[in-house]
Visitor: 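Shown below is the structure under consideration.
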Amino acid sequence: MTREILLLAHTGRRDAVEAAVTVAERLHSEGLRPVMLERDIASLNHVIGDRLRGLPLAVADLEVPLADCEVGMVLGGDGSILRAADLVRGSGLPLMGVNLGHVGFLAESERTELDASVQWVVDQNYTVERRMALDVQVWHAGRHVGSSWALNEASIEKQSRERMIDLIIEIDGRPVSAFGCDGVVMATPTGSTAYAFSAGGPVVWPEVQALVMVPISAHALFSRPLVTDPDSIMAVEVLQREDEQGVLWCDGRRFMELPPGSRVEVTRSAEPVLLARVHQTPFSERLVDKFNLPTTGWRGPVDPANQVPTPDAFHRGEATKR
């Protein structure tokens with residue numbers, strides 16, 4: 001039985017195009033069938049000519065359903081992975097990101113590991129990690145007017161640059177505070193290092209089950225970031241004070257206008273995003289690498305072989321500093 005691998009690339013970038021062709025050729029040489037979107041195949045052919053002519057590329061959804069693919073390899077930055085997550089939502093397909101962008105928090109490997117990434121797929125040498133996603137519902141005048149989802153965050157922002165937007169935030173059916181601001185970000189732990197981080201929110205380890213709410217430039221005495229139970233219902237209402245319009249953005253990709261009186265409710269989604277993982281790198285190490293954080297002077301944990309002073313030794317002044 002032929003193993004089919006979905007291949008997604010940022011075809012507007014030359015390095016991503018070259019990487020996509022290389023991966024497709026490698027997968028084919030290993031007996032796997034590369035599957036791509038019809039528009040991506042057309043873009044590759046336009047850029048590189050006849051190089052793909054000898055490869056039996058399958059067209060996603062037309063020839064091979066997404067759900068029949070084993071894994072999706074995403075060549076690009078975090079934006080490419082977010083687009084891929086939207087494309088495969090509902091298919092149960094795990095995604096393995098190869099970072100060709102800048103920070104690349106969601107990616108599993110860097111461009112220098114392209115060959116290794118293909119080999120991991122060939123050998124099925126990966127585990128699947130479940131990342132929390134958000135379910136987003138929008139109401140206006142008591143009527144449900146839209147829904148969406150997000151892996152990183154749902155943000156309510158002002159539409160006009162000249163004025164603030166008046167919002168009231170709510171947790172689990174109870175109002176918490178009202179203020180004028182530039183907006184509010186509601187994020188998953190995965191999204192805590194994206195927009196929410198830029199707005200001054202906390203960094204939340206991916207293993208932590210929690211939701212985060214971060215006001216943006218709020219004119220208020222109480223405008224601290226909030227960390228809630230993962231099963232909480234976070235809500236934001238656009239107050240009807242000066243006819244300000246708001247905009248809802250989900251992962252910076254999907255948007256909806258919010259007239260005064262709109263209400264946005266955010267909860268944990270029943271459907272997580274699946275990421276294919278190979279490296280068991282601690283998140284703290286990934287954080288240091290991605291943000292280039294200074295760690296000079298770190299000495300590390302005490303060697304267990306060292307003698308541990310008894311509690312009485314501290315009282316007698318016998319314990320010494322390391």
Side-chain angles (χ1 to χ4, degrees), residues 82 86 132-204 208-271 273:
L82 290 173
D86 195 26
M132 181 194 302
L134 300 176
D135 180 64
V136 184
Q137 303 296 332
V138 183
W139 305 77
H140 184 256
R143 186 169 58 90
H144 185 260
V145 294
S147 61
S148 190
W149 78 282
L151 170 58
N152 274 347
E153 77 282 313
S155 63
I156 291 90
E157 304 173 28
K158 63 180 185 180
Q159 189 176 70
S160 171
R161 292 176 55 88
E162 291 78 20
R163 60 174 65 183
M164 297 183 299
I165 187 171
D166 288 317
L167 303 175
I168 185 166
I169 60 175
E170 170 194 308
I171 303 293
D172 293 330
R174 304 301 300 173
V176 175
S177 188
F179 38 68
C181 59
D182 285 350
V184 170
V185 180
M186 292 171 283
T188 64
T190 299
S192 71
T193 51
Y195 194 176
F197 175 82
S198 300
V203 174
V204 182
V208 175
Q209 297 297 298
L211 300 174
V212 177
M213 177 182 281
V214 186
I216 307 171
S217 302
H219 286 236
L221 291 176
F222 182 80
S223 59
R224 300 296 187 185
L226 305 176
V227 180
T228 74
D229 186 278
D231 294 321
S232 288
I233 301 174
M234 300 189 295
V236 177
E237 294 183 354
V238 181
L239 298 180
Q240 296 176 303
R241 289 184 178 168
E242 295 186 24
D243 235 20
E244 304 110 327
Q245 294 279 337
V247 181
L248 166 69
W249 285 94
C250 293
D251 285 338
R253 293 179 38 77
R254 301 168 294 279
F255 75 95
M256 179 182 299
E257 293 186 352
L258 300 174
S262 296
R263 175 182 174 86
V264 179
E265 294 182 355
V266 172
T267 57
R268 172 165 57 177
S269 173
E271 182 181 342
V273 172

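Just so you know, these numbers come straight off a predicted model, no measurement behind them.
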Visitor: Start with the C-alpha distance between Ser160 and Glu162, add both sets of side-chain angles, then the distance that settles side-chain hydrogen bond (donor to acceptor under 3.5 Å, both in side chains), and finish with yes or no.
Guide: CA-CA 5 Å; Ser160 171; Glu162 291 78 20; 2.7 Å; yes
Visitor: Please indicate whether Ile233 has more than 12 foreign heavy atoms, meaning atoms of other residues, nucleotides or ligands, lying under 6.0 Å from its CD1.
Guide: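 Counting other residues, nucleotides and ligands, CD1 of Ile233 stays at 12 neighbours or fewer.
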Visitor: Do Leu211 and Met132 have side chains that get closer than 4.5 Å, going by heavy atoms?
Guide: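 Answer yes - side chains close enough.
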Visitor: Here's a test for you: under side chain to side chain contact (heavy atoms under 4.5 Å, CB included), which of Val236, Val264, Val247 qualifies with Leu258?
Guide: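 For Leu258, the side chain to side chain contact (heavy atoms under 4.5 Å, CB included) check succeeds only for Val264.
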Visitor: Under 3.5 Å, is there a donor-acceptor pair between the Glu153 and Ser155 side chains?
Guide: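 Per modelled atom types, Glu153 and Ser155 side chains form no pair under 3.5 Å.
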Visitor: In sequence, state the C-alpha distance, the side-chain angles, and the governing distance for Val208 and Val227, and then conclude on side-chain contact (heavy atoms from CB on, under 4.5 Å).
Guide: CA-CA 11 Å; Val208 175; Val227 180; over 6 Å; no
Visitor: May I ask you to test the Asp231-Arg268 pair for a side-chain heavy-atom distance under 4.5 Å?
Guide: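 Yes; the side chains approach each other to less than 4.5 Å.
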Visitor: Above 12 or not: heavy atoms from other molecules or residues under 6.0 Å from CZ of Arg224?
Guide: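 It does not: Arg224 CZ has 12 such atoms or fewer within range.
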Visitor: Do you know which of Ile171, Val266, Val176 makes side chain to side chain contact (heavy atoms under 4.5 Å, CB included) with Met213?
Guide: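 Single side chain to side chain contact (heavy atoms under 4.5 Å, CB included) partner of Met213 among Ile171, Val266, Val176: Ile171.
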Visitor: Is it the case that atom CD in Glu257 sees more than 12 heavy atoms from other parts of the structure closer than 6.0 Å?
Guide: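 No, not enclosed.
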Visitor: So which heavy atom on Val136 is nearest to which on Cys250, and how close?
Guide: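 Residues Val136 and Cys250, closest heavy atoms: CG2-SG, 4.1 Å.
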Visitor: Would you say the side chains of Asp251 and Trp149 form a donor-acceptor pair under 3.5 Å?
Guide: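 No, Trp149 and Asp251 have no side-chain donor paired with an acceptor closer than 3.5 Å.
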Visitor: CZ of Phe197: more than 12 outside heavy atoms within 6.0 angstrom?
Guide: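 Counting other residues, nucleotides and ligands, CZ of Phe197 stays at 12 neighbours or fewer.
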Visitor: Report yes if the side chains of Leu221 and Phe179 come closer than 4.5 Å at any heavy-atom pair, otherwise no.
Guide: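 In short, these two side chains do not touch, never coming nearer than 4.5 Å.
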